Protein chains: 2
Amino acid sequence: MAATETLTAERILEATEEVLRRYGPAKATVVDVARVLGVSHGSVYRHFRTKAALREAVTERWLERTIVALRPYAEGREPADERLTGWLTALFALKRRKAGGDPELMATFQVLIGENSAVVDRHEDHLVEQIARILADGRDEGLFAAPERDATATARAVFDATDRFHNPAHAADWSAPDIEVAFTAVVSLVQRALRA
Amino acid sequence: MAATETLTAERILEATEEVLRRYGPAKATVVDVARVLGVSHGSVYRHFRTKAALREAVTERWLERTIVALRPYAEGREPADERLTGWLTALFALKRRKAGGDPELMATFQVLIGENSAVVDRHEDHLVEQIARILADGRDEGLFAAPERDATATARAVFDATDRFHNPAHAADWSAPDIEVAFTAVVSLVQRALRA
DNA sequence: CGAATGACAGATATTGAAATCTGTCATCGG
DNA sequence: CCGATGACAGATTTCAATATCTGTCATTCG
């Protein structure tokens with residue numbers, strides 16, 4: 001293949017993603033990754049100590065994309081209530097599109113998530129921080145009531161309350177006919193709870 | 001064993017539950033059930049058309065117990081907001097005790113739930129109806145605002161918002177140290193949303 | 001006569017031998 | 001000198017032969 005290019009962690013991660021896509025989490029091997037790159041599997045171990053570390057890095061990269069996609073809502077200048085609904089809707093749409101568009105890839109992703117709970121915990125903290133930022137802005141704008149405790153705790157509650165609409169564990173439910181209705185109902189419940 | 005007693009659907013269900021407990025969902029067979037009862041497996045098929053129907057019946061029985069345990073809250077005479085918190089807390093405690101006390105049994109239960117989504121859907125409808133009843137009482141008492149749509153839709157939103165604290169898919173999270181805090185935060189979010 | 005049995009066919013699960021994979025490391029080549 | 005290689009040991013997975021299970025039904029038993 002492109003044996004001329006130097007072997008970087010980045011290129012290995014891309015190849016790993018491709019192998020995971022093609023063979024799924026059960027059959028994707030380090031040897032497969034090396035084959036895609038046209039190198040020996042020993043070379044892969046120069047950049048990643050174990051297969052688990054490699055898969056963890058892929059998981060991290062994958063989750064990072066969600067953070068980036070949601071940043072516009074977290075950092076926007078619109079009224080906080082609109083940004084919150086926008087953020088929640090965007091997150092749901094993102095996950096749902098991924099789950100609906102390629103169920104196998106979603107299943108793969110779910111396996112990786114299950115393997116890397118520490119990475120997922122950090123990712124959730126990032127998401128909750130984005131919500132907390134919207135809540136803090138909302139309080140400053142007088143749209144949201146001042147939280148009883150800190151904004152992060154309330155943000156976590158909002159994240160937990162909408163769990164059914166972003167946690168991949170529920171992906172199977174997202175093709176139900178009335179899922180949109182259920183989502184809208186929970187979002188307006190949350191909005192009512194926050195309103196000043 | 002007690003070959004003198006007549007073979008009833010009830011006795012078969014008890015035996016099936018025991019076999020599921022002992023061997024788990026993967027290894028529990030109709031032959032095992034028959035062995036526990038001291039009959040031939042053909043006799044079991046006189047009462048249940050298939051193994052799937054037998055497992056479905058066990059699942060239904062299992063879920064029914066939750067409905068019964070929560071009825072006092074659904075039908076109590078205390079103020080509706082207290083009843084709602086009580087109901088949600090009782091449901092969480094029930095599931096959590098089951099998950100924490102016997103993780104293997106919980107895993108078995110989860111497999112059965114996955115196999116019988118129709119039964120689970122009906123069960124959820126019952127639970128939502130219990131919440132709806134509390135909400136309707138709360139509206140009559142002037143504690144809760146009149147719902148924008150019907151009480152059942154709002155009840156479903158409350159059920160969905162607390163999903164993380166009763167859906168067995170999240171059982172693994174329930175031993176986290178701050179799960180109580182997270183639960184309390186979501187419940188007070190919900191209460192704030194409902195308040196008149 | 002109606003409930004229970006057990007032999008049976010096809011489907012599913014188990015098992016253990018063979019193949020593949022993971023992770024290491026002495027060696028190679030630019 | 002430094003990244004890449006490939007042989008290797010132990011762990012894991014695959015595969016096909018074997019055993020068990022599901023669901024039916026003709027027959028038995030009380």
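Here is the naming used below: chain letters follow the sequence lines, and residue numbers restart at 1 for every chain. These numbers come from a predicted model, not from an experiment.
Legend: residues meeting side chain to side chain donor-acceptor pair (under 3.5 Å) with A:Asp125, ordered by chain and number and at least two apart, are A:Arg156. Under the salt bridge (Lys or Arg N to Asp or Glu O under 4.0 Å) criterion, B:Glu14 pairs with no residue, sequence neighbours left out. Applying the salt bridge (Lys or Arg N to Asp or Glu O under 4.0 Å) rule to B:Asp81 yields no partners; only residues at least two apart in sequence or on another chain are considered.
Applying the side chain to side chain donor-acceptor pair (under 3.5 Å) test to every pair with at least one member in residues 49-61 of chain B, sequence neighbours left out, gives these pairs: B:Glu10-B:Arg61, B:Glu17-B:Arg61, B:Arg55-B:Glu115, B:Thr59-B:Asn116, B:Glu60-B:Arg122. Pairs engaging residues 97-108 of chain B under the salt bridge (Lys or Arg N to Asp or Glu O under 4.0 Å) rule: none recorded [sequence neighbours left out]. Applying the side chain to side chain donor-acceptor pair (under 3.5 Å) test to residues at least two apart or on different chains, the pairs with a partner in residues 165-177 of chain B are A:Asp163-B:His170, A:Asn167-B:His170, A:His170-B:Asn167, B:Thr162-B:His166, B:Asp163-B:Asn167, B:Arg164-B:Asp173. Residue pairs meeting the side chain to side chain donor-acceptor pair (under 3.5 Å) criterion with at least one member in residues 181-196 of chain B, sequence neighbours excluded, are B:Thr85-B:Gln191. Note on residues 135-147 of chain A: pairs passing side chain to side chain donor-acceptor pair (under 3.5 Å), not counting sequence neighbours, are A:Arg83-A:Asp137.
Rounding to the nearest 0.5 Å gives a distance of 11.5 Å between CG of B:Leu94 and OG1 of B:Thr89. Within the model, atoms CG of A:Leu84 and CD of A:Glu78 stand 12.5 Å from one another, a figure rounded to the nearest 0.5 Å.
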Using the 3.5 Å cut-off, write out each protein N or O paired with an N or O of nucleotides 12-15 of chain C and the distance between them.
none

I'd like a list of close polar pairs between nucleotides 3-5 of chain C and the protein, N/O only, cut-off under 3.5 Å.
unit_1	atom_1	unit_2	atom_2	d
C:dA4	N7	B:Arg46	NH2	3.4
C:dT5	OP2	B:Ser40	N	3.0
C:dT5	OP2	B:Ser40	OG	3.3
C:dT5	OP2	B:Ser43	OG	2.6

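Interface residues of residues 50-60 of chain B facing DNA chain D, ordered by number: B:Thr50, B:Lys51; criterion, heavy-atom separation under 4.0 Å.
Nucleotides of DNA chain D with any atom under 4.0 Å from a heavy atom of chain A span, from 5' to 3', D:dG3 to D:dA7.
Counting any heavy atom pair closer than 4.0 Å across all strands shown, A:Val30 reaches sugar-phosphate atoms only and no base atom.
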